[in-house]
Amino acid sequence: MAEYSWPKQGTAALLGSEQDRIDGVDKATGAAKYSYDVVLDRMLIAKALGCPHAHCKVKSIDVSAAKKVPGVVSIHLFIDPKDEKKSEIKWQGDPIACVAAETEGAAAEGVAAIEVAYEVLEHFVNEEFLAAAERAGRVGKAGVNVELENEPSENEDEDAFVEKELKRLYDESAAVVEGYYGIHAITHMCLEPHGSTCAWQGDKLTAHLSTQSVSGTAGQFASPLSMTADDVTVHCDFIGGGFGSKFQADEWGVACAKIAKETGRPVKLMLDRDLELKVAGCRPSGFVKVKVGADKDGVVKVWDSTQWGTGGDRGAAVDEKQIPYVFNPPNRRRSAVRVSTNTGPTRAWRAPNHPQACAISQTAYDDVAAKLGIDSYDVFLRNLPSVANKKADVYAAEMEIAAKLMDWKAKWHPHGKGPAEGSIVSGLGMAIHTWGGGAVAGSCTVKVHPDGGVETFAGSQDLGTGTRTVMAMVVAETFGLPLSAVKVNIGSSKYPQANPSGGSITVGSVSETHRRASQDALAKITALVGEKLGVDGAALVARDGRIYVDGSPDKGVTWAQACSLLGMNALEVRGEYAPSSKRSPLSSSGVGGVQMAEVAVDRATGVVKMKKFVAVQDMGLVINRQTAKSQMYGGVIMGIAYALFEERIMDPATGGFVNSQIADYRLPRLGDIGEIVLEIYEPESEYSRGVVGLGEPPVISPGAAISNAVANALGVRVPVLPITPMRVFDALERVPKMA
Amino acid sequence: MKDSPYTNTSRGGFNRREFLRGSGAAAAATALANGATAVAEAAESSDTIPLYGPGLTKITLNVNGQDRQVQVEPRMSLLEVLRNQLQLTGAKPVSVDGSSGASSVWIDDKLASANTVLALTCVGRKVRTVESLGGHKLDAVPTAFLHEDGMQCGFCTPGFVVAVRAFLDKYPNATEAEIRQGLNGNLCRCGTYANVIQACLEVVKGGVRG
């Protein structure tokens, strides 16, 4: 077996360069076909009816009028009113029925004609107010996690010791900050909603599913349809956003397949926008009360926090072990309770736990700086020895780069002490983050045709991260070919099993499999060429479209001549990767990352504007610098979104999700992002680690960095994200926000 | 299929004026606001015009320079017809009211959201979609989106490309500040705005028709 490796830094032809994505023209001209765009002959269009109530029992469903609507062909029920357990609805929008019809209008009319009788039950939707949640009996048992430097003596009561020790630590602290911080639930808001187009050929199902898991969803259709996964093909050429919410076939996907089977016609069922926001995924909220003690230099010695939040009916909350985020002060007590609400269920949202954990804890670190009147940069720097991931040196280097790009030292002023231009004050804030992003198991096939044509196959998907282009770059680099010489085939569950795309695992996984397969394929081809040239195949290199003796470009053959030596049959090589305890030479896991924000806050209007944002990110070895930067821009802009704009707004009176349409769910627009400056940190020490994913990391820090910048501008903490004008006013007026 | 109202092109018991005043009023008003159409104007001024619906009616739409036969219900949006009947799926259904800009098209050279325009009101008008910027001669705007990577998942991209083309046709020398001010009708979730700004600047630098 060959020794797999990457070219030495600075010697690669393609790796690390900026390459246009190979499907870019299709995307920019409307030629790219998303699941929503699949239009099949005689296709029906289905629409779902969502429950209007946050908590209720469905007593009866009458579809007789809906069946009479012209154009309605089939009606499917998700709820059985006779089933005591399954008739209870626990969040608004939960699908009750769907109607398949000849046109969108007929389907909508059919949905409107369904008559449902409900028994409305008590609801609870506003978890920020913990006391209200307690009164409503919606708070679960607290999980408590204590770590102290000192241990109780032999016969000492443990709880009493903890209290005594914490008191001592706070008494000895130069600064004690008591704060409240929070971040509201947001939705995934995929612009292409969840759904599929399903078609049968005999007993075989093809599901054109908008999915992050082409290789992992066939079985989810097969099992409820009493068939086996080999008779299902999941297909997805392009997906219009996932962000962690599209790993499932979902009940509406299975319903789509069932209706298609029953009617003998293809069916498209995509969720309408408001159902998409209500039921197809959200990120848990997180709120925390913190007491933090630091020495005179701002080094945090003790942390005590009580945290709560919701992930919907089942509770769930931000992992208390992630608090404080990245930093591990020596003494910590962290408790968390889960609040059960009548809101749609959570799904993994880009970097699960991390953005909330960062936003509700690195804000407290910044308040330590404010209290001591120290530069926030110095407080972050002095606390680096306590980072949990042993990346203090990486953070320090990245902080230095970020500070230069931000001109931090020149711009810095103590919290609330900056000059005002009229009613406008400016401020700086920063935060740091971490993520894994290591490769997971997967496979691919690289196929080299005797005429020199090259293609690859993998049951993967391109979320918009540029996966297709990464695969092509890795193979083209290995074979010494131009990028355009490699055809990439992804998006079918019939291709070799590949990883689902989530958690930044994709770039590492597909780089592993494609580099392995193409290095193995090249070894076979160079052996044939070596035989022909009478040299050792191992002495040959593939570069510039030729295979030749290293150092003697004249002694060689063209790529096409080399491939003709394969004879009649194409060469197919499988690339396999499975993580093991042995470190791979091609990929690694774990990144740092530093971000800094500069904002302007108008004290008269409460409006926060982004002036400048700096993101410095390590990611091991960079494959495509262009799409890597796009991921960073995207993470930062999504971060600006949840820091300043978006939140799921629930009406406490009705339990309704009141901003479930695009016009009401605020997101930044092109004019709202300010100047964004990126720097990829890739010294040899990073490059040599191999590929590490970066989809998640850049989205983690913006909440804390922007909140810290607003606090630096105003001299007052706006405790809860998103920082809307109303919350700025509340903070300026010191209106107590706690229940 | 024969007895389905969806193959019946004869008049239904449906009054055109009532239709405009009734359930379709909001959509019709949007259509009117986007520029009076032959059909809508006629409905207000004459009783002799044909009644449409509620089933399917054959009409001809001029799309990307070609006359195309389609069958529409009066309530069908232009977006639904483009996507489901003409396989022109570049314009996307994202919002219910055009607030995402994802279904941007041109109607008589004016920017419109195809999901807020009834297909019937497009009879006699020239509809142009993002697909007209592709083909063998790629327009400068999608070219710049490619070079500056003004896309991630890409679902908003065709709408953005149309909006940018329309904006730069009007303001060929737009400055960065003007670009940041003038392109806020399109929504992107992945966060491609920074690259879209760069793409716009590339087009301005290279001349709008590149």
Side-chain angles (χ1 to χ4, degrees), chain A residues 18 20-21 23-34 36-37 39 43 45 70-71 102-106 188-192 238-243 270 272-274 463-466 626-627 629-631 633-638 640-641 661-663 667-673 676, chain B residues 4-6 54-55 73 75-77 80 83-84 87-97 99-100 102 129-131 133-135 138-139 141-143 145-147 149-158 161 179-197:
Chain A
E18 295 201 4
D20 295 342
R21 53 180 84 211
D23 47 6
V25 172
D26 285 349
K27 283 187 168 182
T29 58
K33 292 289 179 188
Y34 295 75
Y36 208 147
D37 299 336
V39 176
M43 182 179 82
I45 291 166
E102 302 285 353
T103 65
E104 291 184 21
H188 293 71
M189 176 62 105
C190 307
L191 290 200
E192 181 189 35
F238 291 92
I239 168 176
F243 314 112
M270 308 298 291
D272 280 349
R273 178 56 51 190
D274 89 306
L463 271 182
T465 49
Q626 172 138 306
T627 47
K629 287 201 301 205
S630 292
Q631 281 299 293
Y633 277 125
V636 168
I637 292 168
M638 279 187 108
I640 292 170
Q661 293 291 358
I662 297 264
L667 286 168
R669 301 279 171 147
L670 184 139
D672 294 319
I673 60 169
I676 301 172
Chain B
S4 158
Y6 295 91
E73 297 175 311
R75 63 186 167 190
M76 275 186 186
S77 69
E80 185 180 351
R83 291 175 55 81
N84 292 347
Q87 301 266 357
L88 292 169
T89 56
K92 307 289 189 214
V94 170
S95 61
V96 291
D97 55 5
S99 55
S100 75
T129 71
V130 68
E131 283 86 355
L133 303 178
L138 194 60
D139 182 87
V141 171
T143 306
F145 269 67
L146 173 72
H147 292 160
D149 205 31
M151 64 193 82
Q152 286 186 34
C153 88
F155 209 67
C156 75
T157 309
V161 164
I179 289 161
R180 285 177 185 264
Q181 208 172 0
L183 283 161
N184 288 295
N186 291 68
L187 182 72
C188 167
R189 180 49 154 166
C190 300
T192 61
Y193 297 135
N195 309 50
V196 170
I197 293 167

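Computed from a predicted structure; not experimentally measured. Residue numbering restarts at 1 for every chain, and letters A, B, ... go by the order of the sequence lines.
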Chain A heavy atoms under 4.5 Å from [X]: which part of the residue, side chain, backbone, both or neither?
X        : result
B:Ala194 : both
B:Asn184 : both
B:Leu138 : side chain
B:Asn195 : side chain
B:Gln181 : neither

For residues [X] and [Y], report the shortest heavy-atom separation together with the two atoms involved.
X        : Y        : result
A:Ala28  : B:Met151 : CB-CE, 4.1 Å
A:Leu191 : B:Val94  : O-CG2, 3.7 Å
B:Arg189 : A:Met638 : O-CG, 3.4 Å
A:Gln626 : B:Leu146 : NE2-O, 3.6 Å
A:Ile637 : B:Gly191 : CD1-O, 3.4 Å

Applying side-chain hydrogen bond (donor to acceptor under 3.5 Å, both in side chains) to A:Asp23 and not counting sequence neighbours gives A:Arg468
Heaviest contributor of heavy-atom pairs below 4.5 Å to chain B, chosen from A:Ile676, A:Asp672, A:Thr627, is A:Thr627
Heavy-atom pairs under 4.5 Å with chain B - which of A:Met270, A:Met189, A:Glu192, A:Arg273 has more of them than the others? A:Glu192
The side chain to side chain contact (heavy atoms under 4.5 Å, CB included) partner of A:Leu670 among B:Ile197, B:Thr192, B:Asn186 is B:Ile197
By ring pair (Phe, Tyr, Trp, His ring centres under 6.0 Å), which residues pair with A:Phe243, not counting sequence neighbours? none
So does B:Val96 get a backbone contact from the side chain of A:Gln661, meaning a donor-acceptor N/O pair under 3.5 Å? no
Test your reading of the model: is there a side-chain donor-acceptor pair from A:Tyr34 to the backbone of B:Thr89, 3.5 Å cut-off? no
